[in-house]
Amino acid sequence: MSSTSRSARPTETPKTRRLPALAALAAAVALVAGVTAPAYAAEPAPAAPATTTEATEVTEQGGPHLPPLHPDRDFAGSTVAAHEGRASTAGVAALAVTQTRGLDVASYQGNVAWSSVAANGARFAYVKATEGTTYTNPYFAQQYNGSYNAGLIRGAYHFALPDRSSGSAQATWFVNHGGGWSRDGRTLPPALDIEYNPYGATCYGLSQSAMVSWIRSFSDTVRSRTGRYPTIYTTTNWWATCTGNYGGFGATNPLWIARYASAVGTLPNGWGYQTFWQYADSGTFPGDQDLFNGAYDRLQALANG
């Protein structure tokens with residue numbers, strides 16, 4: 001396993017998860033929606049990691065009933081194992097349909113050795129870009145550009161905080177800071193990470209109908225800004241609990257399902273198949289282990305829209 005991987009196997013301990021020591025020196029990022037150039041340009045880094053977090057707390061806390069944010073500890077799947085556990089993934093290699101291997105990363109992984117990741121067989125990567133309406137991943141430029149330069153098809157994702165601001169506001173922040181898309185054959189649809197609340201109530205205090213409306217607002221805004229409906233990352237259990245198992249997104253939004261087991265299991269209502277499956281939270285690659293549900297040419301087709 002790469003030394004930059006998140007440790008999350010049952011045999012490992014939580015203390016092995018640490019932010020890279022050089023996080024304070026990483027570049028903050030800003031990207032205009034729909035950019036056609038493959039690179040993501042970084043701006044000067046903030047003075048210290050606390051700068052971003054403090055700004056988030058001031059602008060998004062929303063009152064004393066909401067706890068301060070810790071966006072560098074939030075990523076696709078950061079809440080999943082605690083709520084749904086892990087099972088053996090031994091059967092994943094024997095899946096009948098051809099699968100394409102990939103990964104997803106966030107600030108935990110720091111500067112990723114993308115040439116090694118590619119040499120080990122990864123063909124795509126999703127990279128956390130933003131959270132809420134103030135946070136940007138300080139390692140986003142290295143991770144997003146680096147994966148592209150190593151030959152991977154890459155995409156950006158947003159960690160949703162539906163109780164902090166509207167879906168349209170968070171989608172706008174996301175698209176303006178890494179969540180763009182271009183038909184270059186190497187950029188995946190932007191993705192929405194919507195999962196268990198790391199700060200409190202599972203469904204962020206929203207009713208099922210309000211949650212559906214929030215996701216719809218985010219999705220429609222991304223679509224209007226980029227031309228693509230976002231991929232939706234979630235778990236079947238969370239989706240049933242917090243949206244009432246709403247089935248209205250399956251026709252437009254690719255599904256990125258999280259389940260740490262040897263089979264994908266029952267999918268949320270509205271989707272007949274998953275496009276991506278996050279099947280483990282550690283393994284060969286840094287970060288989480290993912291599969292695209294098809295051969296590489298189908299992944300390229302998804303990227304091309």
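Since the model is a prediction, treat every value here as computed from it, not as a measurement. Values below: all heavy atoms of this structure, side chains included; hydrogens, waters and symmetry mates excluded.
Here the closest non-hydrogen pair linking Pro162 and Ile194 is CG-CD1, 3.6 Å. In this structure, Leu302 and Pro254 approach most closely via the heavy-atom pair CD1-CG, 4.4 Å. Minimum heavy-atom separation, Ala160 to Trp214: CB-CH2, 3.7 Å. For Ala303 against Ile153, the heavy-atom pair with the smallest separation is CB-CG2, 4.0 Å. Heavy-atom minimum distance, Asp281 versus Tyr260: OD2-CE1, 3.7 Å. When every heavy atom of Ser282 is checked against every heavy atom of Gln289, the shortest pair comes out as O-CG, 3.4 Å.
The backbone N or O of Cys203 sits nowhere less than 3.5 Å from a side-chain atom of Asn197 that would complete a donor-acceptor pair. In this structure, the side chain of Trp271 does not engage the main chain of Ile257 through any donor-acceptor pair within 3.5 Å. Within the 3.5 Å criterion, the main-chain N or O of Arg228 finds no donor-acceptor partner in the side chain of Trp181. The closest donor-acceptor contact from the side chain of Thr243 to the backbone of Ala240 lies at 3.5 Å or more, if one exists at all. No donor-acceptor pair under 3.5 Å is formed between the side chain of Gln142 and the backbone N or O of Tyr139. The closest donor-acceptor contact from the side chain of Ser213 to the backbone of Ser209 lies under 3.5 Å. Between the side chain of Arg123 and the main chain of Thr100, no donor-acceptor pair closer than 3.5 Å is present.
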Checking Asp72 against Ser107 for the side chain to side chain donor-acceptor pair (under 3.5 Å) test, could you report, in this order, the C-alpha distance in whole Å, the side-chain angles of both residues, the deciding distance, and whether it holds?
CA-CA 6 Å; Asp72 283 309; Ser107 64; 3.0 Å; yes
Kindly determine whether Ile215 and Trp239 satisfy side-chain contact (heavy atoms from CB on, under 4.5 Å), including the steps that lead there.
CA-CA 11 Å; Ile215 297 169; Trp239 192 262; 3.7 Å; yes
May I have the step-by-step check of side-chain contact (heavy atoms from CB on, under 4.5 Å) for Cys242 and Tyr196, ending in yes or no?
CA-CA 9 Å; Cys242 296; Tyr196 298 96; over 6 Å; no
Would Arg225 and Asn176 satisfy side chain to side chain donor-acceptor pair (under 3.5 Å), going step by step from the backbone distance to the final call?
CA-CA 9 Å; Arg225 293 289 305 278; Asn176 287 347; 2.6 Å; yes
Going through the distances and angles, do Tyr148 and Val127 end up as a side-chain contact (heavy atoms from CB on, under 4.5 Å)?
CA-CA 11 Å; Tyr148 182 98; Val127 178; over 6 Å; no
Under the side chain to side chain donor-acceptor pair (under 3.5 Å) rule, what do Gln170 and Ser165 come out as? Steps first, then yes or no, please.
CA-CA 7 Å; Gln170 292 192 32; Ser165 50; 3.0 Å; yes
Test side-chain contact (heavy atoms from CB on, under 4.5 Å) on Asp288 and Phe75; report intermediate values, then the result.
CA-CA 10 Å; Asp288 302 305; Phe75 50 85; 4.1 Å; yes
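Cluster membership check: Trp173 does not share its hydrophobic cluster with Leu161, using side-chain heavy-atom separations under 4.5 Å among Ile, Leu, Val, Met, Phe, Trp and Tyr. The hydrophobic clustering, which links ILVMFWY residues whose side-chain heavy atoms are closer than 4.5 Å, places Phe249 and Tyr229 apart.
No side-chain heavy atom of Lys128 sits under 4.5 Å from any side-chain heavy atom of Tyr144. Looking at heavy atoms from C-beta onward, Trp114 lies out of side-chain contact with Asn149 at the 4.5 angstrom threshold. Pro230 places none of its side-chain heavy atoms less than 4.5 Å from the side chain of Pro189. Here the side chains of Glu195 and Thr235 are not in contact, with every heavy-atom distance at 4.5 Å or above. Using a 4.5 Å cut-off on side-chain heavy atoms (C-beta onward), Thr136 and Phe140 make no contact. Under the 4.5 Å side-chain criterion, counting only non-hydrogen atoms from C-beta, Leu192 is not in contact with Ser219.
Between Tyr233 and Tyr157, the distance from one ring center to the other does not fall under 6.0 angstrom. For Phe276 and Phe292, the ring centers are positioned less than 6.0 Å apart.
Among the candidates Val105, Val117, Val112, the single residue satisfying the side chain to side chain contact (heavy atoms under 4.5 Å, CB included) test with Phe285 is Val117. Each of Ile232, Leu188, Asp290, Thr234 was compared with Trp256 under the side chain to side chain contact (heavy atoms under 4.5 Å, CB included) criterion, and only Asp290 meets it. Between Tyr199 and the choices Thr79, Asp74, Asp163, the side-chain hydrogen bond (donor to acceptor under 3.5 Å, both in side chains) rule is met once, by Asp74.
For the residue pair Tyr126 and Thr231, a side-chain donor N or O sits within less than 3.5 Å of a side-chain acceptor on the partner.
Note that CG of Asp104 is 8.5 Å distant from CG of Asp193, once rounded to the nearest 0.5 Å. The structure places CZ of Arg101 at 7.5 Å from CG of Asn120, a figure rounded to the nearest 0.5 Å. Note that NE2 of His158 and OG1 of Thr130 are 5.0 Å apart. Values are rounded to the nearest 0.5 Å. Between the CG atom in Asn304 and the CG atom in Asp297 there is a gap of 11.5 Å [rounded to 0.5 Å]. One finds the CZ atom of Phe174 at 8.5 Å from the OG1 atom of Thr226 (value rounded to the nearest 0.5 Å). To the nearest 0.5 Å, the span separating CG on Leu152 from CZ on Phe124 amounts to 9.0 Å.
Under the 6.0 Å distance and 45° angle rule, Arg216 does not count as a cation-pi partner of Tyr246. A cation-pi arrangement is absent between Arg259 and Tyr279, since the terminal nitrogen or guanidinium carbon is not both under 6.0 Å from the aromatic centre and inside a 45° cone about the axis.
Annotation for Tyr296: atom OH counts as buried by contact number, over 12 foreign heavy atoms lying within 6.0 Å.
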